[in-house]
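Contents: one structure, followed by commentary.
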2 protein chains.
Amino acid sequence: MTEIDDTSAREENSSRRRILDCAARLFRHKGYGATSLRDIAAESGMKAGSLYYHFASKDEIVIDILNIGVARVHDTVRSAIDALAKTATYADTIRAAIHAHLRALHEADDYTSANVRIFGQVPETVRDAHLAIRRAYEETWSKLLTAAFEAGELRPTMDPQLVLALLLRSLNASLEWFDPKKGPVERIAATFSELVLRGAVDEAPAVAKRRA
Amino acid sequence: MTEIDDTSAREENSSRRRILDCAARLFRHKGYGATSLRDIAAESGMKAGSLYYHFASKDEIVIDILNIGVARVHDTVRSAIDALAKTATYADTIRAAIHAHLRALHEADDYTSANVRIFGQVPETVRDAHLAIRRAYEETWSKLLTAAFEAGELRPTMDPQLVLALLLRSLNASLEWFDPKKGPVERIAATFSELVLRGAVDEAPAVAKRRA
DNA sequence: GTCTATATTTGGATAGAC
DNA sequence: GTCTATCCAAATATAGAC
C-alpha cells in the first residue's frame, strides 16, 4: 500500500504520483495544518472526493511523502559515501556526507524539504508510522560517527550519538534560514564541515583573549 | 494588550496568568494544532466561552506565550553574560551564553519549551506578530559573535551570521532529543561548547587517517 | 467573571451517479 | 476514475442569562 520510495513505484500509477507531487509541494510551502485535501485536490486538477480512489486517508498521503523524502536523502548520502576512494579519511567521509545531505535538502526537492518542514507538525500516529525509515537513515550516520570515534578520530569527550543528533538537526534546520538563490550549497556545507570538524575558533584555546 | 513578558504583568490578573500557564503546558506537550480552546479552558478550570473574557482570540494567547518564552531565555542569557568578569574571553562568554540558553530551555519552563516546540506550527500571522521579540534576542547573539569575529577569535572563513543561525537552531533542537532526567544540562552544554569552539576531531586535520 | 447555548466555518470522509 | 452532494466531527467565536 504505502510505497517506500519512488524508485520502487516506477512511473505507472501516474495520477497517484501527481497527487503526491502536488501534496509535497503544498506541505513544503504551507505546512501540514494549513494544507487541506481540497487544496491538494485542486492542485492536482480534481475534486476532494476523487482523492479517495487513490488513497485511503490524508494520513496515507502524508506518510508516503515523509517516507519518500527520507529515502531520497538516504540514497544521496549513501551514494556520495560509496563514491569515495577507499583511502578517504573519516574527515573526508563526514564532509562528503554533510555535503550530500545538504544537496538533497536544498536542490529543489519538495519531498525532502516537506519532510523536514512538517515532521514536527503531523499527528503522533503518522510520525510513528514513519519512524522506522527515519531510523534506518540515522543508522548510516551512527555507523560512520561511531567508527570515526572508535578509530580515535573524535575527541574522547565527544559522544558520537550526541554529535549525530546535533549535526543532523542543524543540517535540517538550514532549510529555515538558508536560501540557495543567494549562494551555493557548497558554501554552507564547507562551513558546517569546518565547524564540526575543527570548530569556529581560530587559535589554540589556551591563548586567552580579553573581551572588548 | 499583549504583554511583552511576565515581569511587566506583575502578579495581578491572576486568572489571565493561570490560563497562560495552562496553555503553555498544553502547547509544550501536545503541540499547537492538537490543543483546542476547550482543552485550555478545562485545564484552567473553566469553560471555553469564558476564555473570551480574558483574551480576544486563540492567537492572542499563543502570541503572549511565544513572547514570554523568548523573553525568559533572553533574560537568562543576558544575566549570565553580565555576571562574567570583565577579563572573560570571548570563548568564555560564548560558553556561558550556551549554558544559559540550554538551562532556560530545559529547566522545566513550559513557556520556553512551548516556544521552540510550536513556533514552526503556528499560522504565519502569529509568527509575524512575534518576530520582533525573537529578533531582539538574536541580536544579542549577533553582537557577541560579530565582536568575537572582529577580534579575530573566529576563523576568517567563518561567517558570524551563519554560525549564529546554526548554533541557535541546534541548541533549540536539543529539546527534541535531550532528556534532563538522564543527565545534567551541563553535560550537553560542555559538548556543544567544545564542538563549536574546537570541533569534534581530535588531532590536527593535516594528519590523514585511512578509513576502516 | 463564568455559565449555557449556539452560530459559523472548516475539513476529513462517504455514497452513489455518471 | 472522477464528479456532485452530503454527512459528521471538531473548533473558534458570539450572545445573553446569571
Side-chain angles (χ1 to χ4, degrees), chain A residues 1-3 9-27 29-66 114 118 121-127 129, chain B residues 1-3 9-27 29-66 114 118 121-127 129:
Chain A
M1 209 145 295
T2 296
E3 304 292 344
R10 301 275 179 70
E11 287 304 323
E12 92 281 21
N13 232 335
S14 69
S15 43
R16 184 185 171 101
R17 165 56 38 150
R18 188 176 74 256
I19 293 167
L20 286 175
D21 286 347
C22 294
R25 189 168 57 250
L26 288 170
F27 283 137
H29 291 112
K30 302 180 33 169
Y32 173 79
T35 302
S36 68
L37 289 182
R38 286 172 174 79
D39 292 334
I40 296 173
E43 200 78 2
S44 308
M46 57 176 70
K47 300 296 177 182
S50 312
L51 293 176
Y52 286 86
Y53 177 81
H54 302 278
F55 297 90
S57 66
K58 184 182 183 183
D59 283 0
E60 190 179 312
I61 297 178
V62 178
I63 293 171
D64 265 16
I65 288 173
L66 288 176
I118 70 175
Q121 303 177 353
V122 299
E124 213 176 354
T125 55
V126 170
R127 239 194 316 268
Chain B
M1 209 146 295
T2 296
E3 304 292 345
R10 301 274 179 70
E11 287 303 324
E12 92 280 20
N13 232 334
S14 71
S15 44
R16 183 185 170 103
R17 163 57 40 149
R18 189 176 72 256
I19 293 167
L20 286 175
D21 287 347
C22 293
R25 189 169 57 250
L26 287 170
F27 283 137
H29 292 113
K30 301 180 33 170
Y32 173 79
T35 302
S36 68
L37 289 183
R38 285 174 175 75
D39 293 334
I40 296 172
E43 200 78 3
S44 309
M46 57 176 69
K47 301 295 178 181
S50 311
L51 293 176
Y52 287 86
Y53 177 81
H54 302 278
F55 297 90
S57 67
K58 184 182 184 182
D59 283 0
E60 191 180 312
I61 297 178
V62 179
I63 292 170
D64 265 17
I65 288 173
L66 288 176
I118 69 175
Q121 302 178 353
V122 300
E124 213 175 355
T125 55
V126 170
R127 238 195 316 268

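Everything quoted here is computed from the prediction, not taken from an experiment. To find a chain, count down the sequence lines: A is the first, B the second, and so on, and within it residues start at 1.
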Separation of [N] [atom2] from [X] [atom1] (nearest whole Å):
| X | N | atom1 | atom2 | answer |
| --- | --- | --- | --- | --- |
| A:Lys47 | C:dA17 | NZ | P | 21 Å |
| B:Leu51 | C:dT2 | CG | C1' | 10 Å |
| B:Leu37 | C:dT8 | CG | P | 19 Å |
| A:Met46 | D:dT4 | CE | C1' | 15 Å |
| B:Ile40 | D:dA13 | CD1 | C1' | 14 Å |
| B:Tyr52 | C:dT4 | OH | C1' | 16 Å |
| A:Phe27 | C:dG11 | CZ | C1' | 13 Å |
| B:Arg38 | C:dA5 | CZ | P | 14 Å |

More 5' along DNA chain C: A:Tyr32 or B:Gly45, using each one's nearest nucleotide?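 Taking each residue's closest nucleotide, the earlier one in sequence belongs to B:Gly45.
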Output yes when a side-chain donor or acceptor of A:Asp39 lies under 3.5 Å from a complementary backbone atom of A:Ser36, and no otherwise.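 Checking the backbone N and O of A:Ser36 against the side chain of A:Asp39, a donor-acceptor pair under 3.5 Å is found.
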Using modelled atom types only, decide if a donor and an acceptor are shared between the side chain of A:Glu43 and the backbone of A:Cys22 within a distance under 3.5 Å.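 No: the side chain of A:Glu43 does not pair with the backbone of A:Cys22.
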Could you work out which one of D:dT2, C:dC3, C:dG12 sits closest to the side chain of A:Lys58?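 Closest nucleotide among those given: C:dG12.
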The side chain of B:Ser57 is closest to which nucleotide in this list: D:dA13, C:dG1, D:dT2?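 My answer, after comparing the listed nucleotides, is D:dA13.
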Give a yes/no answer on whether the side chain of B:Ser50 brings an N or O atom under 4.0 Å of OP1 or OP2 in C:dC3.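 So the side-chain polar atoms of B:Ser50 do come within 4.0 Å of the phosphate oxygens OP1 or OP2 of C:dC3, strictly under.
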First encountered from the 5' end of DNA chain D, between A:Tyr53 and A:Gly49: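 Nearest nucleotide further toward 5': that of A:Tyr53.
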Could you tell me if the side chain of A:Phe55 sits less than 4.5 Å from the side chain of A:Arg16, heavy atoms only?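 Counting from C-beta outward, A:Arg16 and A:Phe55 do come under 4.5 Å.
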With side chains defined as the heavy atoms from C-beta onward, is the minimum distance between A:Leu66 and A:Ile118 less than 4.5 Å?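 Yes. Closest side-chain heavy atoms under 4.5 Å.
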